[in-house]
Amino acid sequence: MNNVINNLINSLAGEFKKYELDEKIQFSLSKIGGYDLQINNLVKHNKSDYFHELQENVIKTINSSNIFLPVVKNDIGFLNLNLNHIYLMKNITNTQSDFENKNKSKIIFDYGGPNIGKPLHVGHMRTLNIGRSLYNIHSFIGNEVVSDIHLGDWGMPIAQIITYLEKEAIEPQSLDSSQLEIIYPKSSEEYRQNKDFKTRAQEINKLLNNNDQQLLKTWESIKELSVNSLKENFAILNHSFDYWLGESDVNNLIPKMIDELLKNEKIVYDDGALISEEDTDPKILITKSDGSYLYITTDLATILFRQKNIGYDKTFYIVDNRQSLHFEQLFSSIKFFEFNNLEHEHISYGTLNDRDGNPYKTRDGGTKPLSELFEETYKYIKEINNALDDSIISQLTNSVLTYSDLITNRKTDYKFDLEKFTNVNGKTGIYAQYSQVRAKKLLDNIENNNNELNNLTLNDVDKKLLSKLYLFSYFIEQSALLNEPHHLANYLYEISNLFNQFYESEKILEIDNSDRLSSKIYITNLFLTTSQNVMWCLGMTPVKKM
RNA sequence: GCUCUCGUAGCUCAAAUGGAUAGAGCAACAGACUUCUAAUCUGUAGGUUAUAGGUUCGAGUCCUAUCGAGAGCGCCA
């Protein structure tokens, strides 16, 4: 919540304590028409003898704060609240300065996770969108944020590619990125079909783990090619990362880590493989029987790396929920191995399915590249308005790809539907952009849009919009607390829709009463600020015109 | 077989910590443009929250069972 409401919550903190209750006043969105917020957590005390006293004290404190109009109570114990727009006008700006974070955390966002040698495909979209949005949201409310792409630059997929190059006698230095992208599906096919190829790939994987110099050279040139291509793609899609670390960066920490774990009897040999001594079902496999490393091996080493070189309070892994068992094992291993007691959370999300509800395969050929989806969306928007600059169409395309993805709760599976992505009606990025452009143009058309505002003069539509704008902090808190951007995405639709009602209800340029005009301008400005900040939190770039 | 997630309007989804009359968008139907950008707005219709029990002042939300869907289950990541 913003400072204004947090201060009120703090000044209410003692009320429950008087009756030895460990509770805090909680504001919820009102479910009753005509009110902005409600307080529900007094209801359960309505049979107690201190109820009336408690209720009266709470009401008294709230009323003296001026944040709300006089509280309306009901017999059961609900408190109904309407925001005091006049007071809030002077105290809320909907900018970052409204949020002061006394308990700020340093959070690592581990997301993206592309594999080198493979182009980005539609399956990468959710981790990128959700990751970027959560990064921005936590940054906005004052947490220290760090993103790490956690590149898949090690292990079997890379070994497969190198094996393929070796077999076909292709010089790695002669490759370009598009050739490399074709090689990946071919090599993974060979790996499945051809026993000799599989054996050789496993050999190469192990040699790489043991730092074979010749293979490392090959690996390095593949990685460079791939990273450059990824960066080009991210520039188009507006993604960036603080750290471009990968699985390879922790490879050298693993032998020591394993030695220590063996020494402390945290892991034991089992048919040549190493398994954790933790009592779990299934048992946690730490290395393969040939000694080579697994997903969890590098992830564990990554914890040690980050602890030492970056430092953090929390790490959020934005990875799809099919990998929940892996993270369950990883997190319990961190504790069992006594690495640290820091917070680690798997921010899981639903599978991106195709139109018929079938999952896209990640390791097969024939998946849809993300760039292709971008192109299709771009063309679609250009057809609607081909007078726009390329850069604006590009931003609108990103808005569509981002917003359509974030409007749905991350936990539910997602049907990829081109029509839904490109729809320009309803809850879409285009609609939000359009609303904002309308507001900008309106302010441009007003000669003096910085005029002094003494009194708010409001009609019903004004009040509705203003209330919603002042609730920005409620929605950003919700999104940050649950790591769910869809609350903010939906909020963006709501304020956009209310703004459009506000805009259409009256010709603002024709208002001659100066108080009323000032009020309209104030609201429009606040809408613009809010909408821009919400877009920033979601990872969208506002356009100037459309 | 075991474990986990889920089941809300024709479709896609909301409803944090249990709270008052379960809300949006799309699609459908009816209306509003010589416009401060109609890529907009207004209205109508649509529900036994899978089913059956239970917990309590109160359940879409918690518990149990059943039915249905999806995912995962030591040598891929």
Side-chain angles (χ1 to χ4, degrees), chain A residues 26 28-33 38-44 46-47 74 76-78 80 113 115 152 154-157 160 188 191 202 247 270-276 280-296 298-299 319-326 328-329 348 350-351 353 357 359 362-363 381 384-385 396 407-409 411-415 417 419-420 423-428 430-431 433-435 437-446 477-479 481-482 484 486-487 490 493-494 497 500-501 503-511 520 524 545-546:
Chain A
Q26 301 209 333
S28 311
L29 286 186
S30 178
K31 290 188 176 165
I32 299 285
Q38 61 185 29
I39 293 173
N40 306 325
N41 58 331
L42 294 179
V43 178
K44 59 185 159 209
N46 65 7
K47 293 267 161 53
N74 92 348
I76 313 171
F78 292 101
N80 292 307
N115 287 350
W154 206 245
M156 281 316 294
Q160 287 170 20
S188 98
Y191 183 82
Q202 285 167 337
E247 295 170 334
D270 185 276
D271 290 336
L274 284 167
I275 56 167
S276 172
T280 57
D281 183 28
K283 280 287 189 182
I284 302 172
L285 186 69
I286 304 295
T287 66
K288 297 193 229 176
S289 49
D290 69 354
S292 59
Y293 308 147
L294 289 156
Y295 192 14
I296 195 166
T298 45
D299 267 6
V319 181
D320 80 277
N321 57 25
R322 284 175 299 188
Q323 297 182 31
S324 55
L325 180 60
H326 166 73
E328 209 179 287
Q329 295 186 334
S348 64
T351 315
N353 292 324
T362 50
R363 264 168 239 296
I381 294 169
I384 296 167
N385 191 340
L396 289 175
I407 188 69
T408 307
N409 183 326
K411 287 172 186 161
T412 60
D413 287 351
Y414 191 89
K415 265 183 208 147
D417 185 337
E419 240 176 274
K420 180 170 180 174
N423 201 343
V424 290
N425 295 311
K427 296 186 180 183
T428 70
I430 298 289
Y431 179 82
Q433 292 278 18
Y434 176 75
S435 313
V437 166
R438 267 184 150 182
K440 275 181 208 150
K441 192 68 187 299
L442 174 58
L443 293 172
D444 285 348
N445 288 337
I446 293 168
E477 181 183 53
Q478 189 101 312
S479 284
L481 194 66
L482 304 168
E484 294 176 347
H486 75 272
H487 301 284
N490 196 59
Y493 172 78
E494 288 185 343
N497 181 240
N500 279 318
Q501 289 176 34
Y503 181 94
E504 302 235 350
S505 69
E506 194 172 4
K507 287 247 162 130
I508 290 159
L509 290 181
E510 290 169 11
I511 295 175
K520 292 281 187 187
T524 306
K545 63 171 189 179
M546 62 185 281

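So that the names make sense, note that chain A is the first sequence line, chain B the second, and so on, each numbered from 1. Note: hydrogens, waters and symmetry copies are ignored here, and every other heavy atom, side chains too, is used.
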> Applying a 4.0 Å non-hydrogen cut-off, can you work out what A:His326 is touching in the nucleic acid: base, sugar-phosphate, or nothing?
nothing
> Under 3.5 Å, is there a donor-acceptor pair between the A:Asn500 and A:Tyr434 side chains?
no
> How does RNA chain B look in dot-bracket notation if pairs are Watson-Crick or G-U with both distances under 3.5 Å, crossing ones as [ ], other-strand ones as |?
(((((((..((((.....[...)))).(((((.......))))).....(((((..]....))))))))))))....
> Do nucleotides 26-31 of chain B as a string where each nucleotide becomes B, S or -: B if the base has a protein heavy atom under 4.0 Å, S if just the sugar-phosphate does, - if no protein is that close.
S-----
> Could you please name the option among B:A15, B:U37, B:U42 that lies closest to any side-chain atom of A:Tyr434?
B:U37
> Students often get this wrong, so: under 4.0 angstrom with heavy atoms, is A:Asn497 touching a base, only sugar-phosphate, or nothing?
sugar-phosphate
> Which nucleotide sits closest to the side chain of A:Thr412: B:C75, B:C13, B:A77?
B:C13
> Look at A:Asp320 together with A:Arg322 and state whether they make a salt bridge at an N to O cut-off of under 4.0 Å.
yes
> In whole Å, measure the gap between the P atoms of B:G72 and B:A52 for me.
33 Å
> Looking only at the side chain of A:Leu482 (C-beta and beyond, no hydrogens), which of the listed nucleotides B:A77, B:C13, B:A16 gets closest?
B:A16
> Nearest to the side chain of A:Gln323 - B:A14, B:C73, B:A77?
B:A77
> Reckon A:Asn321 has a side-chain N or O less than 4.0 Å from the OP1 or OP2 of B:U5?
no
> Measure distances between side-chain N and O atoms of A:Asp320 and base N and O atoms of B:A71, and say whether any donor-acceptor pair falls under 3.5 Å.
no
> Per the atom types in the model, does the base of B:C75 pair as donor or acceptor with the side chain of A:Ser289 at under 3.5 Å?
yes
